[in-house]
Amino acid sequence: MTNIQVVGRHSVDAPVLRYDPTRVELEAFLEGQPRYRIDQVWRGLYERGAPLEDLTDIPKALRSTLVELLPSALEPAAESVSRDGQTVKWLWRLHDGRTIETVLMHYRDRTTVCVSTQAGCAMACGFCATGQSGFDRQLSVGEIVEQVARARVTSAPRRVSNVVFMGMGEPMANYDRMWAAVERIHGDIGISARHITVSTVGVIPGIDRLGDEALPVNLAVSLHAANDTLRNELVPVNRRYPIEELVRACERYLAAKNRRISFEWALIEGVNDRDSDARELAVLCHRLRAHVNLIPLNPTPGYPTKGTSRAGVDGFCDQLEQLGINATVRRNRGTEIDAACGQLRASRQILDPRRLG
Ligand code: SAH
């Protein structure tokens with residue numbers, strides 16, 4: 001084993017974590033080992049879906065060395081499972097004590113993992129628990145990829161079919177590592193790009209870069225308001241990337257990739273759930289043939305306004321459909337276990353601050 005440069009780390013003095021090295025970097029790391037061993041380790045980490053400690057086909061001594069020199073990035077700080085067992089949420093503690101969340105969701109026809117790309121977030125959306133707590137740091141490639149690897153172990157025998165970059169953080173603000181993680185999840189874990197969704201608050205340069213990539217992933221945009229006055233208030237980054245420019249960037253993405261774009265819309269009572277909101281949203285959707293995902297706002301400690309009632313959500317959805325727009329209501333199935341947008345971390349901070357490193 002030799003010390004090598006691993007580019008996917010979050011900083012030059014961070015440790016090299018289990019899923020940080022690329023295949024080539026791992027080869028350098030395992031210098032002197034026969035090629036078939038390197039293949040075995042790589043397949044063990046990415047294809048087998050078992051913890052490294054359990055890969056008994058790798059000689060014990062090598063396994064112990066790997067476990068020691070390539071430590072796991074994620075130590076469970078809390079885990080919660082919904083009553084029906086269909087949603088699992090983790091709060092992970094990272095090597096420097098920061099915490100992030102990952103959610104595993106089983107549906108009838110698919111199993112989705114929702115991953116974080118940053119510890120905290122700098123986008124400062126007032127209704128979002130992560131936004132309320134500010135930015136800590138970027139996640140490394142390994143810290144992102146291992147979230148999928150760990151969820152996969154828990155998910156078995158059900159296969160993880162989809163990955164959404166909708167956890168903590170703004171994926172486009174950690175673009176290089178986020179994209180390296182997408183390539184690893186696609187190429188090595190084997191989840192097709194068509195089943196990977198990158199969600200952004202609307203960072204236009206990131207959308208344009210995504211359009212230049214070879215892999216056609218799905219793009220989701222957290223819109224929440226369809227006029228600049230309201231969006232400036234709900235999503236502060238709108239002042240930098242206003243709606244008309246954002247929609248044009250989405251048009252470019254659509255032209256480049258021909259993948260369906262979706263808008264996320266957290267329904268907030270009396271704020272963005274009025275008839276006029278539905279009509280304004282419909283105009284933008286028509287331009288992009290976009291799909292809308294509606295979710296009643298989850299309550300967070302720092303935002304007093306309530307989510308729209310169930311009947312109000314259904315009414316808003318019906319109205320969109322009458323305007324010819326495809327919309328889906330996402331029952332925030334995570335609410336009961338704080339599985340939304342930094343809420344597990346936030347509730348831990350309130351309940352038991354000692355648990356945070
Ligand atoms: N930064 C990225 C991805 C993370 S947020 C983005 O903005 O898309 C994932 C989704 O959860 C976003 O659509 C976000 O706006 C939404 N969200 C944040 N806080 C929420 C809350 N309290 N209730 C409902 N949805 C929320």
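Just so you know, these numbers use all the heavy atoms, side chains as well, and skip hydrogens, waters and symmetry mates. Counting from 1, the numbers follow the sequence of the chain as shown. Counting starts at 1 for both ligands and their atoms, following the listed order.
- Remark: ligand 1 atoms within the under-4.0 Å shell around heavy atoms of Glu170 are 1 (N), 2 (C), 6 (C).
- Residue-ligand proximity: Ala220 is placed with every non-hydrogen atom at 4.0 Å or more from ligand 1.
- Aromatic ring centres of Phe127 and His224: separated by under 6.0 Å.
- Remark: ligand 1 and His224 share an N or O pair separated by less than 3.5 Å (distance only, no angle test).
- Applying the salt bridge (charged side-chain N to carboxylate O under 4.0 Å, His left out) rule to Arg48 yields the partners Asp57; only residues at least two apart in sequence or on another chain are considered.
- The cluster map of Ile, Leu, Val, Met, Phe, Trp and Tyr, joined by side-chain heavy atoms under 4.5 Å apart, puts Val67 and Ile58 in the same cluster.
- The number of heavy atoms from other shown groups lying within 6.0 Å of CZ (Arg289) does not exceed 12.
- Only the backbone of Thr200 comes within contact range of ligand 1, with a heavy atom under 4.0 Å; no side-chain atom does.
- One option in Gln132, Met166, Met168 has a heavy atom closer to atom 9 (C) of ligand 1 than any other, and that option is Met166.
- Of the N and O atoms on the side chains of Tyr175 and Arg209, not one donor lies less than 3.5 Å from an acceptor on the other residue.
- Of all heavy-atom pairs between Arg63 and Thr56, the closest is NH2-CA, 3.7 Å.
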Give the table of side-chain donor-acceptor pairs shorter than 3.5 Å for residues 108-117, with sequence neighbours excluded, one pair per line with atom names and distance.
unit_1	atom_1	unit_2	atom_2	d
Thr111	OG1	His106	ND1	3.0
Ser116	OG	Glu101	O	2.6
Ser116	OG	Met168	N	2.9

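- Selection from Ser222, Pro171, Pro299 by nearest heavy atom to atom 12 (C) of ligand 1 gives Ser222.
- Nearest to atom 1 (N) of ligand 1 by heavy atom, out of Cys121, Gly169, Ser199, is Gly169.
- Put simply, no part of Gly307 is less than 4.0 Å from ligand 1, judged by heavy atoms.
- Contact analysis leaves Met123 out of contact with ligand 1, as no non-hydrogen atom separation drops below 4.0 angstrom.
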